[in-house]
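Convention: sequence-line order gives letters A, B, ...; per-chain numbering from 1.
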2 protein chains.
Amino acid sequence: MIITLINCLLFSGCSRQSSENIRAPRPQIISPEVHANNTVTFRYNAPHAKTVKMDPQFMEGMADMVKDENGIWSVTLGPVEPDMYPYGFIVDGTTVMDDNNPFYFENERFKASIVDIPGPDPLIHSVQDVPHGTVNYEYYTSPVLGTTGRFLVYTPPGYDEQPDQKYPVFYLISGTTDTDETYFKVGRANFILDNMIARGETKPMIVVMPYGNPAAYFDAGDPRGAAAGQRLNEDFLTVMMPYVEKNYRTINNAANRAIGGFSRGGNQGLTIGMNNLDKFSYLCSYASFAGNVKEFETTFKDFIKDPAQTNRKINLFWLGVGTDDFLYENARLFMDKLEQNGIRTTTLITGGGHTWMNAKLYLYESAKFLFQQ
Amino acid sequence: MIITLINCLLFSGCSRQSSENIRAPRPQIISPEVHANNTVTFRYNAPHAKTVKMDPQFMEGMADMVKDENGIWSVTLGPVEPDMYPYGFIVDGTTVMDDNNPFYFENERFKASIVDIPGPDPLIHSVQDVPHGTVNYEYYTSPVLGTTGRFLVYTPPGYDEQPDQKYPVFYLISGTTDTDETYFKVGRANFILDNMIARGETKPMIVVMPYGNPAAYFDAGDPRGAAAGQRLNEDFLTVMMPYVEKNYRTINNAANRAIGGFSRGGNQGLTIGMNNLDKFSYLCSYASFAGNVKEFETTFKDFIKDPAQTNRKINLFWLGVGTDDFLYENARLFMDKLEQNGIRTTTLITGGGHTWMNAKLYLYESAKFLFQQ
């Protein structure tokens with residue numbers, strides 16, 4: 001029995017009904033392998049490939065890999081600045097995940113893996129020995145979307161032990177091609193909040209992670225997907241948010257609601273938030289902006305007509321973007337337009353581009369200010 | 001802004017910091033596309049590949065794909081019997097997921113996608129308009145494993161609305177190379193239970209989905225992984241199960257505990273269950289067996305020494321296996337040994353092999369009998 005199971009463990013095609021022959025037993029290779037000096041070795045088994053390159057987000061461009069006598073391609077890169085980075089292999093032009101790495105970049109479309117370079121000190125997204133919150137997958141029937149929707153909910157440590165306590169809530173939306181899982185699996189929102197709460201850097205809060213393209217999950221390939229995605233805002237306010245407030249112990253007023261997100265999710269969050277200041281007093285924009293920035297004054301006429309009144313309704317308008325971001329110009333212009341029109345903001349300009357390294361960083365930096373008033 | 005976001009949506013490398021050039025904009029292709037007559041078209045974009053085949057678990061062997069003038073390979077197969085099936089593309093010998101399909105086969109190692117052939121009537125694993133339970137990702141510190149462990153918990157519909165109600169609990173373990181997510185994402189345990197509960201086919205219950213190789217998730221590439229996996233049983237009984245019973249409203253006696261699983265998970269579940277009948281009275285083996293079946297009488301000496309007494313402690317010993325399963329002979333021999341030694345069992349022999357189609361089926365068939373006594 002032990003022998004059978006070990007064979008099975010070594011045999012990648014174990015859970016198959018038939019054609020076991022087509023997935024030959026593979027050598028046990030480790031990839032990625034992070035070394036003590038923060039260099040990292042990537043390996044990919046492709047004996048028949050002509051070229052295998054790799055494409056890690058910690059460097060510009062691609063790295064060539066070299067094949068050994070067993071058909072395993074490898075390259076060692078770095079030292080790399082500690083963080084989590086997406087990467088993929090390009091096998092004769094086709095981008096694939098790392099077979100040997102169980103950490104996926106959860107996404108609607110492209111396939112990438114994630115490498116975690118831990119460094120000497122624990123990073124804010126790392127699993128540490130602190131009390132952990134729970135991440136819940138919630139399913140709800142949406143008449144607006146015409147389908148079953150899903151979103152994720154982080155509840156902070158102690159949520160179940162204190163059944164009378166209510167919490168502020170942060171609606172945090174991922175970007176284009178991301179799913180409701182991306183801020184959990186790639187953004188590590190749960191571990192960032194666990195660590196911040198343990199350090200006293202932020203208040204215990206509930207974090208709701210909706211899906212910016214909600215129907216796509218259940219209707220992949222169905223043309224309803226796009227239309228349903230556009231109905232996000234209506235679903236958000238009339239179905240999903242009431243569902244959250246019925247099923248979780250949220251404090252239901254503007255002073256205890258935040259909304260924001262990364263990229264398209266920031267746009268969606270700002271659009272909902274700026275148009276509903278009676279409901280949200282904390283707004284967060286990560287590598288994003290709202291509306292047509294060149295026609296800002298027209299689009300946000302009501303928002304800016306009485307800046308003092310608008311500012312009284314907003315406890316935090318946080319915006320961050322990286323100088324290498326392809327949305328940098330528009331995001332900066334959006335910040336400038338807000339300032340020029342007398343809207344009080346907190347801004348952070350960093351290095352880096354339109355990446356999940358920055359999406360994580362902005363979550364951390366902005367969460368310090370959430371629900372402090 | 002709208003134009004920017006649409007460009008971004010069309011551009012698969014959108015969430016990238018640099019080297020956008022290496023992921024050219026790809027045509028929007030739909031894969032898999034399930035047709036009304038239960039045939040299904042698979043497509044893969046690989047203009048430079050010499051051969052692309054596909055490997056679906058609904059048929060023996062591989063299917064050749066044909067390239068069109070845009071470099072998109074495709075094949076239409078079937079009609080296929082309605083069910084969910086893993087599949088992958090083999091691009092010049094390298095097995096990859098379907099880029100355009102967001103449904104992954106969650107797994108430690110091999111990369112496969114999932115196609116759902118819905119058929120005319122809703123299948124037991126399908127998302128239906130019934131009350132839905134929640135799936136929770138729980139993190140816990142394990143002194144036994146020396147790391148942070150994770151498991152998933154399904155709570156049935158109404159769990160939050162009835163804070164005084166307690167529930168029976170089923171510990172359901174996935175197989176070799178599977179993770180704690182596999183019975184959720186591939187096995188659809190939550191939807192199967194939702195549908196069965198809505199139909200009155202089973203009782204509302206909590207389902208705990210542990211990780212059969214618990215340390216691997218956080219220690220990928222760390223040699224502690226294997227040793228920690230062997231400590232599963234100790235962690236299960238002394239850390240994880242007490243954590244569940246502290247944080248969820250479980251009924252804590254043998255009459256309200258079930259344990260089992262698929263493949264290696266079935267082995268682990270049976271080993272824990274058969275050695276702890278004071279704690280578990282429902283045992284489920286899906287395409288599995290325990291111990292060295294040829295030395296059954298030695299291994300299970302205590303278990304079979306007084307069959308009448310053992311039978312009194314067991315409310316259900318359910319075993320299922322498919323005739324094409326590579327574990328069929330051992331699983332059948334295990335069933336026979338139990339019967340020969342006077343142990344009362346409920347068995348189901350089906351067609352099919354060592355697949356998640358059967359893992360889902362066995363969950364459904366056995367859950368009908370859970371907590372009925």
Visitor: Which atoms of B:Thr134 come close to chain A, meaning under 4.5 Å heavy atom to heavy atom: side chain ones, backbone ones, both, or neither?
Guide: both
Visitor: At their closest point, which heavy atom of A:Asn247 faces which heavy atom of B:Glu161, and how far apart are they?
Guide: OD1-OE2, 3.0 Å
Visitor: Highest number of heavy-atom pairs under 4.5 Å with chain B: which of A:Asp116, A:Asp160, A:Thr141?
Guide: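 Maximum pair count with chain B is reached by A:Thr141.
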Visitor: Check whether B:Val135 gets within reach of chain A through its side chain, its backbone, both or neither, counting any heavy atom under 4.5 Å.
Guide: both
Visitor: Can you tell which part of A:Lys50 gets under 4.5 Å to a heavy atom of chain B, answering side chain, backbone, both or neither?
Guide: side chain
Visitor: Could you give the distance from NE2 (B:His48) to OG1 (A:Thr51), rounded to the nearest 0.5 Å?
Guide: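 Here the interatomic distance stands at 9.5 Å.
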Visitor: If you round to the nearest 0.5 Å, how far is CD of B:Glu138 from CG of A:Asn136?
Guide: 7.5 Å
Visitor: For each of B:Leu152, B:Asp129, B:Asn358, tally heavy-atom pairs with chain A at distances under 4.5 Å, and name the one with the top tally.
Guide: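 The answer is B:Asp129.
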Visitor: Could you tell me whether the side chain of B:Asn190 reaches within less than 4.5 Å of the side chain of A:Tyr139, counting heavy atoms only?
Guide: yes
Visitor: What residue in B:Tyr44, B:Tyr137, B:Tyr248 has the most heavy-atom pairs under 4.5 Å with chain A?
Guide: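 Of the candidates given, the most pairs with chain A belong to B:Tyr137.
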Visitor: How long is the straight-line distance from NZ of B:Lys185 back to CD of A:Glu181, given to the nearest 0.5 Å?
Guide: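 Between atom CD of A:Glu181 and atom NZ of B:Lys185 there are 3.5 Å.
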Visitor: Please identify each residue that fulfils ring-ring contact (aromatic ring centres under 6.0 Å, His included) with B:Tyr104, with sequence neighbours left out.
Guide: A:Tyr104
Visitor: When rounded to the nearest 0.5 angstrom, what distance separates CG in B:Asn100 from NZ in A:Lys111?
Guide: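 It is 7.5 Å, given to the nearest 0.5 Å.
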Visitor: Please state whether the side chain, the backbone, both or neither of B:Asp92 comes within less than 4.5 Å of a heavy atom of chain A.
Guide: both
Visitor: Could you measure the distance from the CZ atom of B:Phe191 to the OG1 atom of A:Thr148? Nearest 0.5 Å is fine.
Guide: 7.0 Å
